Amino acid sequence: MKILICISNVPDTTTKIKFVNNNTAFDTAGVQWIINPWDELALTRALDIKDAQAGTIENITVINVGLHDTEPTIRKALAIGADKGIRINADPKDAFFVASQLAEVIRKENFDIIMCGIESSDYNGCNVGGMLSELLEMPSVSSVSFLDIQGGQVSVTREIDGGQETVATQMPFIAIVQKGIAKEPRIPSMRGIMGARTKPLQVTEPAPADSLTEFLGYELPKPKAACKKVDPDNVKELALLLHNEAKVI
Amino acid sequence: MSVLVYTENWDGKFKKLSFELISFANEIAKKLNTSVVALSIGKVEDDELKKLGNYGAAKILSVTNDKLAGLNNQAFTSVIAQAVAKENSTVILFAHNNTGKAIAPRLSVRLKAGLATGVTSVPSDTEPFTVTKKTFTAKAYANVVIKSPVRILTLLQNVFGIFESPVSATIEPFNPELKETEFKTEVKEINKVTGKLLLTDAEIVVSGGRGMKGPENWGPIEELATLLGGATACSRPVSDEGWRPHSEHTGQTGKIIAPDLYFAFGISGAIQHLGGISGSKCIVAVNKDPDAPIFEAADYGIVGDAMKVLPELISAIKEIKAG
C-alpha cells in the first residue's frame, strides 16, 4: 500500500505575525519554517502504522507545492521517516491552484491513501484536501481523528458536532485529518537527518492552472484594552462586573 | 439570482449556526438585491423549517431522502450543486465547521466557484467580491477577492450574530438526482451525545487548564457551566493528559470558539490556546502567575488560585441570579 501526505510549509506557530509592502505581504524576515502541524500529524500517523505493521505499507511519499525555499521542510519530513519527497516548483497562489497542481501529479501515480491536514496554520483555508478529492473524483472523509489499516481494510473515525462517526470508505480515498490522529509529532534522529540527505526529492514543473481567489492585503486585530484586575479577596466584585459592566451574566 | 444557505440540523432541530447563517445571507442578499434560499437535508418538521423565515429565508428546499441520513461528501456536493443550478444561486454559504469544511471545497471545484473560508463579515464590496477572512489563526485578517462569478463562503461561527427579519417562507420538497457512484463512503456507527449543549454553540464557556491540578477537580467548572447554561472546555495539556475528552480541547489545533463569555481557570494562555478563543467577546482569566500571557488577552482577571476562586465565584453568581 502506498500513502501520500500533502504538506504545507508554514511559519512556526509561535511566529509574531507582521506584514510589509503596505500590509500586502507577510513579513518573512527571521521566520522559522515548519511542516504545517496537521500535515505533520498525518505523517506521524502514517509512520506509526508502517512501524506497527511491517510490510503493509511499502512507501510513504510527501508532496509540497512551493519554490526552492520549501526544501528544508520537505527534508525534515524525510528525516522523520518519509521515503520520498516531491516538490512541485511553483508559488502556491491559492488553494485551487495548489490542489490542481497536486492532482496533476497524483493522476500519474497510484496512491491508496492520500492524507492532508485539515487546514494550514497560515491561511487557515481548510480547502486543499476537499478540492483535491473533487478534482480526482475520489471519496473524502474530513475531520478524521482516527485511521487504521487492518487486513488491507481501512478504518476511519471522523469528528462531528457532539461526537464521532465511524466511516467505511472505498479506496483510494483522501483522509483530511485533524487533532487526535496522532499524539506527539516525531523528532528527527541524527540518523534520520543524515539519511534524509540521500533520499529522493523529485522536483516537478507546474502545470497551467487557475487561481480563483486573490489576497489583497492584511489587517492585524485591534489592540485589546488592558485587563481589569480584581482583588483575589474580593471575588464577588468580579461577578458584579460581569453582571453590571460587561452584562454577560 | 439567489443566496443559497446550507443549513444544519441536529436530530431535527436547527443548530444555532443555521439561524446565524440565514441572518448573514439576508445582509448579503440585500446588497445584491436578491433573496435567500435555505437548503435543509434531513428529516425536519415544517414548523421547524418555517423558523428559517424569521431570519429572512424566503424559500426553503427540504431534502428528506433516507440515503442522505449520514454525511457523504461527494453525494452532498451533488445535492447542493443541483440546488445552486435550480435557484440560480451566485453566493453559497456554509458554516465554518466540520460539515462546511468537508463540503465547501468540493463544491468549489464542482462549480469552479472561488471559496473564502473563515469569513468574519459581510462583503465590503460586491464587485469585485471582497470579504475579510481569518488568517494566521486569528493573529491577522486578510481581505480576499473572489474572482469567479459564483462565490462560496464559510462563515466563522458566532461572529455575525442572529437577527430577526421575518418573511413568509415557502417550503418546497426537493428531490435531487442521486448517483450510486457517488456513494463511496458509508457511516457505520454514530457515537454522539444528544441533549448536551454543543461547545461551538455555547454562549458561555467555562474552561480549565493544567492549573486545575487533576480531573478530580473539575466539579466546580461543571457546576459554573451548568449555573450559567454554558459548556465546559479545556486546554490542550488537559486533553492530552486524558483529564478531559479531546472534544473539549479549545485552541489552534482543537476547537475554535467565539462565545460571548469565556472563563479560563488555570490556563496560562499559550499562543496556540489564544488562537482558539481570541474571538470571544469577553474573556475572564484566573491564574496564579501574574505574568501568564492569558492576562494580555483577558478583559477581566484575578491573580489567584483558580481552585479557591471558583467556589466563591459560583456563590457570588448564585446571589446575583437570586436577585
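What you are looking at is a predicted structure, and each value in this text was computed from that prediction instead of being measured. In what follows, every chain begins at residue 1, and chains take the letters A, B, ... in the order their sequences are listed.
In this structure, the portion of A:Gln178 lying under 4.5 Å from any heavy atom of chain B is its side chain and not its backbone. Neither the backbone nor the side chain of B:Phe129 comes within contact range of chain A; no heavy atom of the residue lies under 4.5 Å from a heavy atom of that chain. With a 4.5 angstrom heavy-atom cutoff, A:Phe96 touches chain B only via side-chain atoms. The parts of B:Ile146 that come within reach of chain A are both its backbone and its side chain, each placing non-hydrogen atoms under 4.5 angstrom from that chain. Looking at A:Lys224, only its side chain comes within 4.5 Å of chain B, counting heavy atoms on both sides. Using a 4.5 Å cut-off between heavy atoms, B:Thr130 touches chain A through its side chain atoms alone. Contacts of B:Lys321 with chain A are absent, with no heavy-atom separation under 4.5 Å from either backbone or side chain. With a 4.5 Å cut-off on non-hydrogen atoms, A:Asn234 does not touch chain B at all. Only the side chain of A:Phe19 comes within contact range of chain B, with at least one heavy atom under 4.5 Å from a heavy atom of that chain. Proximity to chain B is limited to the side chain of A:Leu242, based on heavy atoms less than 4.5 angstrom apart. Contact annotation for B:Ala285: neither backbone nor side-chain heavy atoms come within less than 4.5 Å of a heavy atom of chain A. Heavy-atom distances place no part of A:Ile176 under 4.5 Å from chain B, backbone and side chain included. If you measure heavy-atom distances from B:Glu203 to chain A, you find no contacts under 4.5 Å at all. For a residue to count as touching a neighbouring chain, one of its non-hydrogen atoms must lie under 4.5 Å from one of that chain's; by this rule B:Lys15 touches chain A with the side chain only. The contact between B:Ala297 and chain A is made entirely by backbone atoms, counting heavy-atom distances below 4.5 Å. Within the 4.5 angstrom heavy-atom criterion, atoms from both the backbone and the side chain of B:Leu115 approach chain A. If you measure heavy-atom distances from A:Asn23 to chain B, you find no contacts under 4.5 Å at all. Proximity to chain A (any heavy atom under 4.5 Å) is restricted, for B:Thr77, to the side chain, taken from C-beta onward.
Residues A:Leu238 and B:Leu313 form a side-chain contact, since some pair of their non-hydrogen atoms from C-beta on lies under 4.5 Å apart. With a 4.5 Å cut-off on side-chain heavy atoms, A:Phe215 and B:Asn143 do not count as touching. With a 4.5 Å cut-off on side-chain heavy atoms, B:Gln252 and A:Trp38 count as touching. Put simply, the side chain of A:Lys179 reaches to within 4.5 Å of the side chain of B:Ser239, judged on heavy atoms. Side-chain atoms of B:Lys308 and A:Val235, non-hydrogen and from C-beta on, never get closer than 4.5 Å to each other. Between A:Glu214 and B:Val144 the shortest side-chain heavy-atom distance does not fall below 4.5 Å.
Note: B:Leu198 leads B:Thr200, B:Leu198, B:Ile271 in heavy-atom pairs under 4.5 Å with chain A. Chain B forms the most heavy-atom pairs under 4.5 Å with one residue out of A:Val248, A:Leu220, A:Asp233, A:Asp161, and that residue is A:Asp161. Chosen from B:Thr185, B:Asn97, B:Leu71, the residue pairing most often with chain A at heavy-atom distances under 4.5 Å is B:Thr185. Heavy-atom pairs under 4.5 Å with chain A were tallied for B:Lys133, B:Arg151, B:Glu296, B:Gln272; the largest tally goes to B:Lys133. Ranked by non-hydrogen atom pairs under 4.5 Å with chain B, the options A:Pro232, A:Ala226, A:Gly129, A:Ala99 are led by A:Pro232. Options B:His249, B:Glu312, B:Lys139 differ in how many heavy-atom pairs under 4.5 Å they form with chain A, and the most are formed by B:Lys139. Taking B:Ile302, B:Leu107, B:Ile103 one by one and counting their heavy-atom pairs under 4.5 Å with chain A, the maximum is reached by B:Ile302. Put simply, of A:Thr169, A:Leu216, A:Val167, A:Asp122, the one with the most heavy-atom pairs under 4.5 Å next to chain B is A:Asp122. Looking only at heavy-atom pairs under 4.5 Å with chain A, the residue among B:Pro105, B:Ala316, B:Ala104, B:Gly100 that has the most is B:Pro105. Between chain B and the options A:Gly163, A:Gly217, A:Ala225, heavy-atom pairs under 4.5 Å are most frequent for A:Gly217.
Residues of residues 134-147 of chain A having a heavy atom under 4.5 Å from any heavy atom of chain B, listed by number: A:Glu134, A:Leu135, A:Glu137, A:Met138, A:Pro139, A:Ser140, A:Val141, A:Ser142, A:Ser143. Of all residues spanning residues 113-121 of chain A, those with a heavy atom less than 4.5 Å away from chain B's heavy atoms are A:Ile118, A:Glu119, A:Ser121, arranged by number.
Here A:Ile160 contributes atom CD1 and B:Ser247 contributes atom OG; the two are 11.0 Å apart, rounded to the nearest 0.5 Å.
For A:Lys229 and B:Tyr300, the positive end is not near the middle of the six-membered ring at less than 6.0 Å and at most 45° from its axis.
With salt bridges taken as basic N to acidic carboxylate O contacts below 4.0 Å, none links B:Lys101 and A:Glu159.
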Let me see the working for A:Lys236 and B:Ser315 under side chain to side chain contact (heavy atoms under 4.5 Å, CB included), right down to the final yes or no. CA-CA 8 Å; A:Lys236 197 177 170 182; B:Ser315 47; over 6 Å; no
Does the side chain to side chain donor-acceptor pair (under 3.5 Å) test come out yes or no for B:Lys147 and A:Ser211, once each step is laid out? CA-CA 8 Å; B:Lys147 299 188 281 188; A:Ser211 65; 2.9 Å; yes
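Residue A:Ile249 is tested with B:Asp260, B:Leu227, B:Leu261 for a side chain to side chain contact (heavy atoms under 4.5 Å, CB included); the sole match is B:Leu261.
Side chains of B:Asn191 and A:Glu165: a donor-acceptor N/O pair is absent below 3.5 angstrom, by distance only.
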